[in-house]
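Here the structure comes first, spelled out in structure tokens, and everything after it is commentary.
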Amino acid sequence: MKKASPNKQIVPGSKLDKRFYLQEDVVEAARNLLGKYLFTRFDGQLTGGIITETEAYAGVIDKASHAFGGRRTNRTETMYSEGGTAYVYLCYGMYSLFNVVTNKKDIPHAVLIRALHPVVGLDIMEKRRKMKPASKNFSGGPGTLSIALGIHFTSHNGLPLAGSEIWIEDRKLKIAPSQITIGPRVGVESAGKDALLPYRFRIRPEDLLYH
DNA sequence: CGGCCGATCCACT
DNA sequence: GTGGATCGGCCGA
């Protein structure tokens, strides 16, 4: 009997379209982004991988969101852009965190991309991360995946995912509901009862090896 | 203008 | 499991 083996073959993909980014349910959007491919191409260097963990931030009614209560500041202004915009901000003074803005303009929904399974441009990402792509912690957190992809808050905040050096593709990787773990979001303890909302989606680690 | 703190990561124990 | 790194955003004075 044939043994299952990792399939890293790159299937022709299509960029996610406006309809995807305009979906009104940001929790659905977060779930739907699992298994999609996130790419960057800076200075001709193509890097990318499979999104394996996301969190939904539900805008003005979500205490864990930067836009809670309709807060509009210089930083959060990006969240009020039309769906399909990159919201990248500095966290803990040293990490750029990458979010996908969804829904209509002025509705500040966003999905934080929390983990990436590296697939394309491994050599380039290895140099950026200064570690082997097979290492634990290579791109399994929101800060480290931005380093691997070369995403930085000063350069890439506000970029349109439909026409820039950052984009997301659907390569028809199917994620079954049984492969998805759902739970509360990370690092949002101060959000009161919103901290308990099941807005975090993950592909189970054991399912990451075979796709 | 001062101070607090964060959607994190890593080294060290 | 714990704490240090490191700095822009934000709020209050």
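This structure is a prediction, so every number in the text was calculated from the model and none was measured. Order of the sequence lines fixes the chain letters, A, B, ..., with proteins taken first and strands second; residue numbering starts at 1 for each chain.
- Within the 4.0 angstrom heavy-atom criterion, only backbone atoms of the sugar-phosphate kind lie near Arg75(A); the bases stay farther away.
- A donor-acceptor contact shorter than 3.5 Å links the side chain of Gln179(A) to the backbone of Ala176(A).
- Rounded to an integer number of Å, the gap from CD of Glu55(A) to C1' of dT8(B) is 12 Å.
- Between dC10(C) and Arg71(A), a contact under 4.0 Å exists linking OP1 or OP2 to a side-chain N or O.
- Atom CE of Met79(A) and atom P of dG9(C) are 15 Å apart (whole Å).
- As rounded to whole Å, 17 Å separates atom C1' of dT8(B) from atom CG of Leu116(A).
- Each of dT8(B), dC7(C), dC10(B) was ranked by its minimum atom distance to the side chain of Leu90(A); first place goes to dC7(C).
- Atom CZ in Arg200(A) sits about 11 Å away from atom C1' in dA7(B), given to the nearest Å.
- Contact annotation for Thr144(A): backbone-only contact, meaning every heavy-atom pair under 4.0 Å involves sugar-phosphate atoms and none involves a base.
- Comparing dA7(B), dG9(C), dT8(B) by their nearest atom to the side chain of Tyr95(A) picks out dT8(B).
- With respect to Arg72(A) and Asp106(A), a salt bridge is recorded, a charged nitrogen being found less than 4.0 Å from a carboxylate O.
- Dashed line: the shortest gap from a side-chain N or O of Thr73(A) to OP1 or OP2 of dG9(C) is not under 4.0 Å.
- Listed nucleotides dC10(B), dG9(C), dC9(B) differ in distance to Arg129(A); the shortest reach to its side chain belongs to dC10(B).
- In plain terms, the two heavy atoms of Glu126(A) and Lys132(A) that are nearest each other are OE2-NZ, 3.1 Å.
- The partner of dC10(C), taking Watson-Crick or G-U wobble pairs whose two distances both stay under 3.5 Å, is dG3(B).
- Each of dT8(B), dC11(C), dC10(B) was ranked by its minimum atom distance to the side chain of Tyr92(A); first place goes to dT8(B).
- Using atom P as the reference point in both dG1(C) and dA7(B), the two lie 22 Å apart (nearest Å).
- Each of Asn137(A) and Val188(A) was assigned the nucleotide of DNA chain B with the nearest heavy atom; the assignment lying further toward the 5' end belongs to Val188(A).
- Between the CE atom of Met94(A) and the P atom of dA5(C) there is a distance of 9 Å, given to the nearest Å.
- Taking atom CG on Asn74(A) and atom P on dC7(C), their separation rounds to 20 Å, with Å as the unit.
- Classification of Arg114(A) and Glu53(A) as a salt-bridged pair holds, one side-chain N sitting under 4.0 Å from a carboxylate O.
- Checked against dG8(C), dA7(B), dT8(B), the side chain of Tyr57(A) finds its nearest nucleotide in dA7(B).
- Checking dC10(B), dA7(B), dG9(C) against every side-chain atom of Asn99(A), the shortest atom distance belongs to dA7(B).
- Distance NE2 (His66(A)) to P (dC5(B)): 16 Å, rounded to an integer number of Å.
- Using bins of under 30°, 30° to 60° and over 60° for the plane-to-plane angle, the ring pair His66(A)/Tyr89(A) lands in the perpendicular bin.
- Counted by atom type alone, Glu55(A) and Tyr57(A) present one or more donor-acceptor pairs between their side chains at under 3.5 Å.
- Counting only heavy atoms from C-beta on, Tyr87(A) has its side chain closest to dA7(B) among dG8(C), dC10(B), dA7(B).
- To the nearest angstrom, P of dC7(C) lies 16 Å from CG of Leu97(A).
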